Peer 1: 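A single structure is presented below for examination.
This structure is a prediction, so every number in the text was calculated from the model and none was measured. Within every chain, numbering begins at 1; the chains are lettered A, B, ... in the order of the sequence lines, protein sequences first and strands thereafter.
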Amino acid sequence: MSEYNVLLISIDSLRRDFLGAYPTPFDWVADLDVETPTLDAFARRAAVFDTHYVGSLPCMPARREWLTGTQKLLWRPWGPIESYDVTLPQRARRADVLTQLQTDHFHYFQHGSDGYYEDYHGFEFVRGHEDDAWRTDPYDPDPVLLQQVGYDLDGDGVPESGGPGRDNPATDPHNLREIRPRWSYVRNVSGFEDETDFFAPKVLSRTADWLAANREWEQWFCYVDEFDVHEPFHCPEPYASMYTDEDPRDPDLPVWPYYGRTDAGQSEISERELDFVRAQFAGKVTMVDRWLARVFDRMDDLGLWEETVVVVTSDHGHFLGDYGWMGKPSCPDYDVLCRTPLLVWHPDSPRMGERVDALTQSIDLHPTILDVLGADGAAESHGQSLLPLLRGERETHRDWALYGWWGSSVNVTDGRYTYMHPCDPDAPAVCYATSQMEPWGWMGPTSGKTGADAGQFLPYTDTPVWRFEAPPDPRLDGPLLFDTDADPRQTENLAGGDEHARMRELLVAALDDLRAPDQQYERLGLA
Amino acid sequence: MSDSPVECCANNVDFETYRELRDADAEVSQQYCLGRCGVCHDGPFLVVDGELRRGEYTDVLDLE
């Protein structure tokens, strides 16, 4: 058995360029000068991975990669743990390792996400983030926050009277037909007074307490799945005013912008509003950082650093007006979203305090954690363990990282060039899953897929699955190719140039290695 | 991607409807989710110039 504990901390939607440990190509980010002293200090003592990329997007697909080692974007989207999956906490149990989940990530308890928390020996869930279906009171919630999360109250600050059949739930905080009403958040946080009431402070302080209360166990794996800094970007003080001179309670200033274009449609946003959103995002980053110090300070007190591997990462970034986009919309998968932070502390690694240039990917965390825990299953993972890098045995790690969204364009990088390859917009996306999950309405009720057929379609399991079609999400009008060394802002499209053919071949090699279904080659024009 | 202020949600269309919208005269931009999940589950809708419009796509687009 390995002697190390593992503390895996994922901070949702954390842009790496908001951390002092990473550079930013964007002046507006540099101008914010976001305070992250805890993570900066951790980065100085840990290994900082400079070329780390996501795999399957967004939130739950990333977690399925971390927990099961399945890079699923070629086969299915956001959905439950599959019947043939063996989760990381299951494998850790078999190695006699205590497992614990600390989280405020409410998606675990929605449609389309079962199987992600059940295998831990214990889990603690802080209720109320985003539209967690938690509180239904008070009947008339805070009108200022209602407007800041997107309700149109006719400017008079008074919620319109509700009732069944109202046409537009965005004007009615009493609408009961909405599946994921934004009023849930406003009611959930009703009565919150200071930062100790908010989500990251609760999750991270309770994690510190868990470490102290479980000191006697011989070995443990603790996954801290912190949903902040995910929207809504609603901050307590002092963070709400830390990066803006605006009144954070101005009802005209949004904390929950719609995803999409910033210059058109329902996601259109003014410069003033955008500046405020960016400031609130920055405030959340600093709030998470400050409360993470509780965890690290407790590790100091308990003397845990010499027996614990600590991994800090994120599932993806978040567009905040970059390239004219907000959120995680249907748009090209720039590095803002896809090049994520990865900081690893390993008490016996010679790479501590160094930067790691090698190309790595989120799915590599799965076999890495199994290896550290002394659990089996690493050989079956789509990822590759980072331990040879951390031991100083290798300087390189993988030739490609394939990443993106199911049913969309597909991206590949060699660590320098990022190549975004379009799909045929007239070809359907095909979903392969053991359940008739919703290919796009991930968190809503399911519906029967009458056109589905079933069979042994997957290269990594003999388990039969459903196969059914859905509309694609094309994202790209043509290929995009960027040299991220020379052009970290990804502004000069090199498609058609000298590197295009090589990166296209690298994409095919990645699809071949993963044994992608034939239909993927066809819809990508690579057959 | 389109500059059109008409937006549809990938979850709100089947593949055939998706194809029809692509072929329609009105330029419709698609997002995989428009954050209107209750309306989306109830039936067809579009967001036109930022405003939600319920109804069959052809009817909504004919209004434009």
Peer 1: With a 4.5 Å limit on heavy-atom distance, are the side chains of A:P428 and B:Y18 in contact?
Peer 2: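 No. Closest side-chain heavy atoms not under 4.5 Å.
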Peer 1: Can you say whether B:D42 sits under 4.5 Å from chain A via the side chain, the backbone, both, or neither, judging by heavy atoms?
Peer 2: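 Contact with chain A: side chain only.
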Peer 1: Top residue by heavy-atom pair count (under 4.5 Å) with chain A, among B:L34, B:D14, B:N12?
Peer 2: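 Top count of heavy-atom pairs under 4.5 Å with chain A: B:L34.
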Peer 1: Is any side-chain heavy atom of A:Y258 closer than 4.5 Å to one of B:Q31?
Peer 2: no
Peer 1: Where is the tightest heavy-atom contact between B:A10 and A:P471, given as atom of each residue plus distance?
Peer 2: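 Smallest interatomic distance, heavy atoms only, reads O-CG, 3.9 Å.
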Peer 1: Can any side-chain N or O of A:Q266 pair as donor or acceptor with the backbone N or O of B:E7 at less than 3.5 Å?
Peer 2: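 No.
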Peer 1: Do B:S29 and A:R261 come close enough that some side-chain heavy atom pair is under 4.5 Å?
Peer 2: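 Counting from C-beta outward, B:S29 and A:R261 never come under 4.5 Å.
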Peer 1: Please report the interatomic distance CD(A:E178) to CZ(B:R36), rounded to the nearest 0.5 Å.
Peer 2: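 Taking CD in A:E178 and CZ in B:R36, the distance rounds to 8.0 Å.
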Peer 1: A:E469: which residues meet the salt bridge (charged side-chain N to carboxylate O under 4.0 Å, His left out) condition with it, sequence neighbours left out?
Peer 2: none
Peer 1: Return the minimal non-hydrogen interatomic distance between B:R19 and A:D426, and the atom names on each side.
Peer 2: NH1-O, 3.4 Å
Peer 1: Examine whether an atom of B:V13 lies under 4.5 Å from a heavy atom of chain A, and if so say whether it belongs to the side chain, the backbone or both; otherwise answer neither.
Peer 2: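 Its backbone and side chain both get close to chain A.
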Peer 1: Would you mind telling me which of A:P472, A:S447, A:P445 has the largest number of heavy-atom pairs within less than 4.5 Å of chain B?
Peer 2: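 With the most close heavy-atom pairs to chain B, the winner is A:P472.
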Peer 1: Which residues pass the side chain to side chain donor-acceptor pair (under 3.5 Å) test with B:N11, not counting sequence neighbours?
Peer 2: none
Peer 1: Quick check against the 3.5 Å criterion: does A:E268 have a side-chain atom that pairs as donor or acceptor with the backbone of B:G50?
Peer 2: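 The answer is no, because no donor-acceptor pair under 3.5 Å joins these two groups.
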Peer 1: Do the non-hydrogen side-chain atoms of B:R22 and A:P425 ever get within less than 4.5 Å of each other?
Peer 2: yes
Peer 1: Would you say the side chain of A:M443 lies within less than 4.5 Å of the side chain of B:C37, judging by non-hydrogen atoms?
Peer 2: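 Side-chain contact under 4.5 Å: no.
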Peer 1: Give, for atom CD of B:Q30 and atom CG of A:D473, the distance between the pair rounded to the nearest 0.5 Å.
Peer 2: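 Result: 5.5 Å between the selected atoms.
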Peer 1: Just by distance, do the side chain of A:Y259 and the backbone of B:Y32 share a donor-acceptor pair under 3.5 Å?
Peer 2: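 Pair absent, no side-chain N/O of A:Y259 close to backbone of B:Y32.
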Peer 1: Supply the atom-to-atom distance A:K328 NZ to B:C33 SG, rounded to the nearest 0.5 angstrom.
Peer 2: 10.0 Å
